[in-house]
Amino acid sequence: MGVTGPRLQSTIFEKSHPGRGGGKIPHPPKDALERLPAAARRAAPPALPQLNELEMVRHYVNLSQLNFAIDTGFYPLGSCTMKFNPKVNEWAARLPGFAGLHPLAPDATAQGTLQILWELQEILAEISGMAAVSLQPAAGAQGELTGILMIRAYHRSRGDHDRKEVLVPDSSHGTNPATASMAGFRTITVPSAPDGGVDVDAFRAALGPRTAAVMITNPSTLGLFESRIGELLEAVHAAGALAYMDGANLNAILGRFKPGEAGFDVMHINTHKTFSTPHGGGGPGAGPVGVGPLLVPFLPAPRVLRNDDGSFRLERPGERPTSIGRLRSFVGNTGVLVRAYAYLRAHGAEGLMEVSQDAVLAANYLKSRLVGTYDIPYARHCKHEFVASAASIKRATGIRTLDIAKRLIDYGFHPPTIYFPLIVEEGMLIEPTETESVETLDAFADALITIAAEAAASPELVHDAPHTAPVRRLDEATAARQPNLRWRPMTGVETPCPD
Ligand SMILES: *Cc1c(COP(=O)(O)O)cnc(C)c1O
């Protein structure tokens, strides 16, 4: 391991040299400028960087190598399911018939894409045990909003206007309460039971005529499989509320548990997590929602439908007046949906069961290697991801989870999700998924164990990490509050310089 890593590079504007250029552009006619209306012409040339082609290629290729990616290393973010994306999915999504299809193409010329989307709706309905699926939402968070808006429409359609509350457990993902408030509800947080699962009695006490919905993540963000779902859903429905399942962790229950059959009324599926698609850096994604019979009338429009003659079409505007309407342009993020379709068809039903089995095996293996070095809450439970806490290490050495996460970068690993779920002190949420080899899992466990020893023997080494990354510790609060995301020229177009 070297002690210096790649260096930050100058921006492409700083590399610019006036007059330098790349490709040759054929000479335009002499009076080309005069042919343009004066109002449409620039007064001064645009402040574009001026580089030759080789400089430009090196700039971007070097920049790309500063990124961490699942294709270059282990990416154990918990709750995010960062699995390997088989390259055949990329091939499929890039087929010109899919990639080049105009989003306004008439149904007759879009039959192949419509068929794939319709089949994907059917497959996801089967996997989730739901009555119907909409592929429209662009991400899990938007799927949540879609689901909660459908729940709101359902209560309103029954003249039930007093249901203003959404109950979430304290282990929930931040998007759950955010969704509830965006849809105009008040979030009530219900504490977890001592075993880390949902506290059914606490939910019973909070449920009432003001409850619109409960939102449950199953398996939970503690990595636990909820064992009292039946009881909980019975209480929810008896109170006249509906049950939302956050399906971000579907990877762990594929082929084993169907939320719709268990009684959930609506769920979202993060196709980019469960069914591959590289999504580091926030996208792209697709968050289809599945609904039980009560919510089918409210699904977003347009849905993809199959005609009696076997051809496919989009719902026409106004065809289903009960719909909550459109959540996203066109039919959804088609490229991501094609990848999910390719993944699902490549695995088949049995392959998907192997996915959940191997994911749980990998998580339990890694967990068992770290027991003793880190505190593992609810360690004896079977997990698909797990929280390792550095609370004891912090008490003994002053080294915190943030330091350990930064030190992992020096060992070539992307840090896991840290300080989430909020209910575990100094937590790291680790999810290996089914796609990592035992050698990689061992190397990661070895690194975490070595770092724990370093924390005791030479805490400053860990505290000052990373030592090999292009940047060290960033001021994350300032970066979040005053993001500086844009380069601006300060002294005119010819001599650009950074902010
Ligand atoms: C990822 C995640 C979400 C949000 O999904 P996005 O696709 O990132 O919008 C919601 N809940 C849980 C538990 C998640 O892990």
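Keep in mind that the numbers below use all heavy atoms, side chains included, and drop hydrogens, waters and symmetry copies. We count residues from 1, following the sequence as given. Order of listing sets the numbers, starting from 1, for every ligand and every atom in it.
In terms of polar-atom proximity, N270 is counted as a contact of ligand 1, with an N or O under 3.5 Å from an N or O of the ligand. The shortest N or O to N or O distance between A139 and ligand 1 is not under 3.5 Å. For ligand 1, the polar-atom distance check against N249 finds no nitrogen or oxygen pair separated by under 3.5 Å. Of the polar atoms of G140, at least one N or O is found under 3.5 Å from an N or O of ligand 1, judged by distance alone. On a distance-only criterion, D246 and ligand 1 share at least one N/O pair closer than 3.5 Å.
Each of the atoms 10 (C), 11 (N) of ligand 1 lies under 4.0 Å from some heavy atom of E144. Listed by atom number, the atoms of ligand 1 under 4.0 Å from T175 heavy atoms are 3 (C), 10 (C), 11 (N). Shown in contact with A248 at under 4.0 Å from a heavy atom are these atoms of ligand 1, numbered in order with element: 2 (C), 11 (N), 12 (C), 13 (C), 14 (C), 15 (O). Every atom of ligand 1 is numbered from 1 in the order shown, and the set under 4.0 Å from a heavy atom of A141 is 4 (C), 5 (O), 6 (P), 9 (O).
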Audit row: E119, Y341, side-chain hydrogen bond (donor to acceptor under 3.5 Å, both in side chains) steps and yes/no: CA-CA 8 Å; E119 286 181 19; Y341 180 84; 2.5 Å; yes
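Among K273, H279, E385, the residue whose heavy atom lies closest to atom 14 (C) of ligand 1 is K273.
When each of L295, V266, D265 is checked for a side-chain contact (heavy atoms from CB on, under 4.5 Å) with Y154, only L295 meets the rule. A ring pair (Phe, Tyr, Trp, His ring centres under 6.0 Å) with F444 is found for one member of F413, Y411, Y365 and no other, namely F413.
Within 6.0 Å of CZ in R326 there are more than 12 heavy atoms belonging to other residues, nucleotides or ligands.
Legend: residues meeting ring-ring contact (aromatic ring centres under 6.0 Å, His included) with F420, ordered by chain and number and at least two apart, are H173. A search for ring-ring contact (aromatic ring centres under 6.0 Å, His included) contacts involving F225 returns H384, not counting sequence neighbours.
No side-chain N or O of N249 forms a donor-acceptor pair with one of E431 less than 3.5 Å apart.
Ring planes of F68 and Y75: perpendicular class, angle over 60° (limits at 30 and 60°).
Both the backbone and the side chain of S79 come within 4.0 Å of ligand 1, counting heavy atoms alone.
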